Amino acid sequence: MQLPKFIQDKPVREALILGLTGLCIWIVAIEIDLHESIDKFLHAHETWQLDEAFTAINIIGICSLIYAYRRITDLKHEIARRNQAERNIDWLAHHDTLTLLPNRRALEKRDHKAKADTPSVIYCIDLDGFKNVNDLVGHQGGDLLLKEVAHRLKTMLPSAQAYRLGGDEFLVIADRTPATDCMRLGHRILRLLSAPYDVGGMTSEIGASIGFALYPEDSADFSDAIHCADVAMYVAKKSGRNGVFGFERIMEDRVLRRAETEMALKRAIRSDSIVPYYQPLIDLRTGDIRGFEALARWEAGPNHIIPPSDFIALAEDAGLIVELSERLLKAACRDAVNWPPETILAFNISPLQLSDKQMPLRIMNVLLETGFPAHRLELEITETALVRDMDSAGAILGELQAAGIKIALDDFGTGYSSLSQLSKFRFDKIKIDRSFVTGFETDKKREDIVRAILGLGQGLGISTTAEGIEENHQLDFLKSVGCDFGQGYLFGKPVSGEDTRRLLARHARPNKNAGTDAA
Ligand code: C2E
Ligand code: CA
Ligand code: CA
């Protein structure tokens with residue numbers, strides 16, 4: 001037999017049993033005149049002092065009742081305190097203490113089914129340029145900015161749920177009607193977040209990459225719809241910053257393919273399938289080989305060589321460039337240490353590496369490990385690297401130069417601020433971009449620019465290298481205007497370490513053919 005629900009409750013059940021037992025005893029006591037019998041008994045045995053004992057028992061009973069009541073009250077308080085503590089811990093576990101927004105855990109535990117009937121739009125937001133703010137105004141400034149982001153999101157979309165998923169990543173879930181223009185709303189969020197921030201007296205600006213997905217259209221499973229918004233955000237991020245992208249099915253394929261390529265690249269780096277090739281740098285006055293520029297090549301299979309234009313940017317994006325560069329430099333130094341004394345090794349540095357404060361230390365470690373002398377190493381950097389973060393780039397370059405390493409400004413003339421870079425940093429070499437060398441015979445202006453650059457180099461006491469020399473008349477012109485070094489297919493294409501050794505061996509023979517036979 002099923003007991004009524006209230007009786008299943010233990011305290012109620014015990015109160016009932018005790019009440020019923022008390023009632024029965026009371027009825028029996030009345031029936032047998034218990035009290036009178038006890039009275040008679042006490043009177044009859046006055047000398048035993050039983051009445052005092054009874055009084056004591058009564059007092060103890062009342063005191064115990066009061067005591068029990070007090071303890072019950074205490075217990076109630078304790079339970080309330082514990083419940084509060086539990087609620088606090090629970091809140092902490094499900095919220096971000098900085099912005100006070102619910103966190104990723106809260107999102108995972110969200111009862112998606114409870115709102116299954118409401119169509120919604122999910123925005124995945126990743127801030128762009130937040131790291132720079134952190135670097136510039138410190139973590140406290142960064143914290144202020146994140147708080148302000150949360151505040152703006154809550155103020156703009158009071159009925160939506162905003163989450164901070166970690167770092168500079170936010171998520172907003174908003175109910176929508178058929179009339180909601182989700183793309184427009186996304187752009188409104190973007191504008192809102194891109195407005196300047198006051199962080200401790202300084203003004204900072206950031207951007208955002210926003211991806212959104214529609215529930216239930218993009219996926220009938222809410223967690224999967226969140227994943228769709230994430231994929232759209234990833235695509236937004238990869239397509240340059242400050243964009244809003246709605247989820248499309250083909251995005252998933254693209255993301256998957258990209259992930260596969262990244263994996264392949266990672267494997268290639270770790271298995272040393274990406275190796276340095278070397279292209280000779282010729283002293284135009286003597287025709288001798290002055291050194292070699294290391295150029296990365298991915299040896300993907302027999303006769304399958306992938307050029308750096310196909311993987312350097314990917315390695316930068318995937319956060320693999322530091323590892324790739326370190327391995328390449330190590331391999332290049334190991335090769336170069338066996339070249340004739342004073343042959344220099346030119347090595348390309350990615351702009352991203354100039355914000356890595358550990359970079360000089362990493363390079364010094366490679367030099368130490370391979371025994372390659374610092375004064376024979378020449379690092380080539382493009383100016384985009386310097387524009388991004390002048391101060392930290394300047395400090396890093398200074399450290400490298402102090403160690404004896406030379407710094408060359410690569411692709412000179414292609415950026416928009418080459419000249420201003422020259423006044424800010426002390427470069428050891430300028431490399432004139434190939435586009436000026438290739439086109440000057442048909443374009444008088446380029447010829448003038450080459451002359452002007454060479455004049456600039458001579459004025460500043462910086463040596464110059466011309467890239468991309470393919471024809472003899474280009475070489476003649478460059479020699480006639482006093483260019484110091486030259487590089488190009490006319491002298492030799494980039495070749496493997498083994499071929500470079502052979503080339504050097506040929507040059508070392510006494511009857512060598514005045515340098516330019518490197519081609
Ligand atoms: P870069 O530093 O300007 O390198 C010169 C590029 O011009 C090389 O292309 C070289 O093969 C090519 N080149 C040299 N002489 C001639 C010529 O006479 N005619 C023509 N048409 N091209 C010539 P490559 O090897 O494909 O490298 C492309 C870019 O990839 C490099 O430009 C450099 O910015 C980057 N890169 C290469 N290796 C590395 C690396 O190890 N690390 C980093 N961060 N970037 C690298
Ligand atoms: Ca270069
Ligand atoms: Ca170049």
Side-chain angles (χ1 to χ4, degrees), residues 265 268-269 272-282 291-299 305-333 335-336 344-356 359 362-363 366 377-385 388 406-415 418 427-441 453 464-475 478 483 485-497 499-500 516 518-519:
L265 179 61
I269 294 173
D272 289 323
S273 301
I274 300 180
V275 295
Y277 271 42
Y278 304 97
Q279 186 180 32
L281 295 158
I282 306 297
F292 292 88
E293 176 177 3
L295 293 157
R297 297 288 181 269
W298 178 349
E299 296 182 328
I305 290 182
I306 303 174
S309 50
D310 287 3
F311 61 85
I312 293 287
L314 182 68
E316 287 174 342
D317 256 16
L320 294 166
I321 192 70
V322 170
E323 187 180 349
L324 170 61
S325 199
E326 202 168 324
R327 280 175 177 261
L328 274 174
L329 180 64
K330 212 176 276 179
C333 286
D335 284 339
I344 64 158
L345 168 69
F347 189 84
N348 293 285
I349 290 292
S350 149
L352 289 185
Q353 290 176 271
L354 277 197
S355 45
D356 171 18
M359 201 259 269
R362 289 184 212 279
I363 291 181
V366 172
L377 181 63
E378 204 168 87
L379 297 180
E380 298 190 358
I381 49 171
T382 56
E383 64 182 87
T384 42
R388 221 176 272 174
K406 307 276 186 310
I407 307 292
L409 185 54
D410 205 352
D411 305 338
F412 188 81
T414 52
S418 307
F427 289 100
D428 302 288
K429 190 180 260 181
I430 303 172
K431 292 190 84 174
I432 306 171
D433 190 65
R434 193 169 76 221
S435 56
F436 296 104
V437 177
T438 328
F440 76 80
E441 64 273 21
I453 298 175
T464 40
T465 302
E467 296 186 315
I469 306 174
E470 294 183 1
E471 316 268 348
N472 271 312
H473 69 94
Q474 293 168 342
L475 171 64
L478 289 161
C483 183
F485 302 99
Q487 179 181 3
Y489 294 169
L490 182 65
F491 307 114
K493 289 193 170 180
V495 292
S496 68
D499 288 345
T500 305
T516 46

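Here the structure is a predicted model, which is why all the values come from computation and not from measurement. In each ligand, atom 1 is the first atom listed, and ligand 1 is the first ligand listed.
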With heavy atoms only and a cut-off of under 4.0 Å, state how [X] meets ligand 1: side chain, backbone, both or neither.
X	result
P308	side chain
Q353	neither
D410	side chain
D411	side chain
A296	both
L328	side chain
K493	neither

Give me the atom names and distance for the closest heavy-atom approach of [X] to [Y].
X	Y	result
Q487	P280	CG-O, 3.8 Å
P308	A296	CD-O, 3.2 Å
L295	P494	CD1-CG, 3.6 Å
T465	C483	C-SG, 4.2 Å

Which protein heavy atom lies closest to [atom], and at what distance to 0.1 Å?
atom	result
atom 32 (O) of ligand 1	L295 CD2, 4.9 Å
atom 15 (N) of ligand 1	Q279 NE2, 2.9 Å
atom 12 (C) of ligand 1	R434 NH1, 3.6 Å
atom 20 (C) of ligand 1	E470 OE2, 3.2 Å
atom 44 (N) of ligand 1	S350 N, 3.5 Å
atom 18 (O) of ligand 1	Y489 N, 2.8 Å

In Å, rounded to the nearest 0.5 Å, how long is the span from [atom1] of [X] to [atom2] of [Y]?
X	Y	atom1	atom2	answer
M359	L352	CE	CG	11.0 Å
I282	L478	CD1	CG	13.5 Å
F427	D410	CZ	CG	10.5 Å
L379	I407	CG	CD1	4.5 Å
S496	R297	OG	CZ	11.0 Å

### Query
Less than 4.0 Å between a side-chain N and a carboxylate O, is that true for K431 and E293?
yes
### Task
Identify whether the distance between the nearest side-chain nitrogen and carboxylate oxygen of R434 and E467 falls below 4.0 Å.
no
### Query
When only distance counts, is N348 in polar contact with ligand 1, meaning an N/O pair under 3.5 Å?
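Between N348 and ligand 1 (N or O atoms, distance only) the closest approach is under 3.5 Å.
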### Message
Below 3.5 Å, N or O to N or O, backbone or side chain included: is there any such pair between S309 and ligand 1?
### Response
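No, S309 has no N/O under 3.5 Å of an N/O on ligand 1.
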Measuring from non-hydrogen atoms of [X] to any atom of ligand 1, is the shortest distance under 4.0 Å?
X	value
Q487	no
P494	yes
K431	no
S325	no
E316	no

### Query
Should Y277 and I305 be marked as a side chain to side chain contact (heavy atoms under 4.5 Å, CB included) after you check the CA-CA gap, both sets of side-chain angles, and the distance that decides it?
CA-CA 11 Å; Y277 271 42; I305 290 182; 3.2 Å; yes
### Message
In the structure I gave you, are the side-chain heavy atoms of L328 and F347 within less than 4.5 Å of one another anywhere?
### Response
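With C-beta onward as the side chain, the pair touches.
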### Query
Among the N, O or S atoms that E293 has, which is closest to the Ca ion (ligand 2)?
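This turns out to be OE2.
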List ligand 1 atoms under 4.0 Å from [X], heavy atoms only on the residue side.
X	value
E293	2 (O), 4 (O)
G468	16 (C), 17 (C), 18 (O)
I469	18 (O)
I312	39 (C), 40 (C), 42 (N), 43 (C), 45 (N), 46 (C)

Does [X] bring an N, O or S atom to under 3.0 Å of the Ca ion (ligand 2)?
X	value
D411	no
N348	yes
E380	yes

### Task
Scan side-chain atoms only and decide if S325 and Q353 contain a donor-acceptor pair under the 3.5 Å cut-off.
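Judged by distance alone, the side chains do pair up.
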### Query
Does a donor on one side chain sit under 3.5 Å from an acceptor on the other, for E316 and S350?
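The answer is yes; a qualifying pair exists.
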### Task
Give the intermediate values and the outcome of side chain to side chain contact (heavy atoms under 4.5 Å, CB included) for residues R327 and D272.
CA-CA 8 Å; R327 280 175 177 261; D272 289 323; 3.1 Å; yes
#### Entry: Angle, OD1 of D410 through the Ca ion (ligand 3) to OE2 of E467 - 10° precision
90°
### Message
With the threshold set strictly below 4.0 angstrom, can you tell me whether any protein non-hydrogen atom sits that near atom 7 (O) of ligand 1?
### Response
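It does; a protein heavy atom is within 4.0 Å.
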### Query
When you look at V322 and L320, which way does the side chain to side chain contact (heavy atoms under 4.5 Å, CB included) test go after all the steps?
CA-CA 6 Å; V322 170; L320 294 166; over 6 Å; no
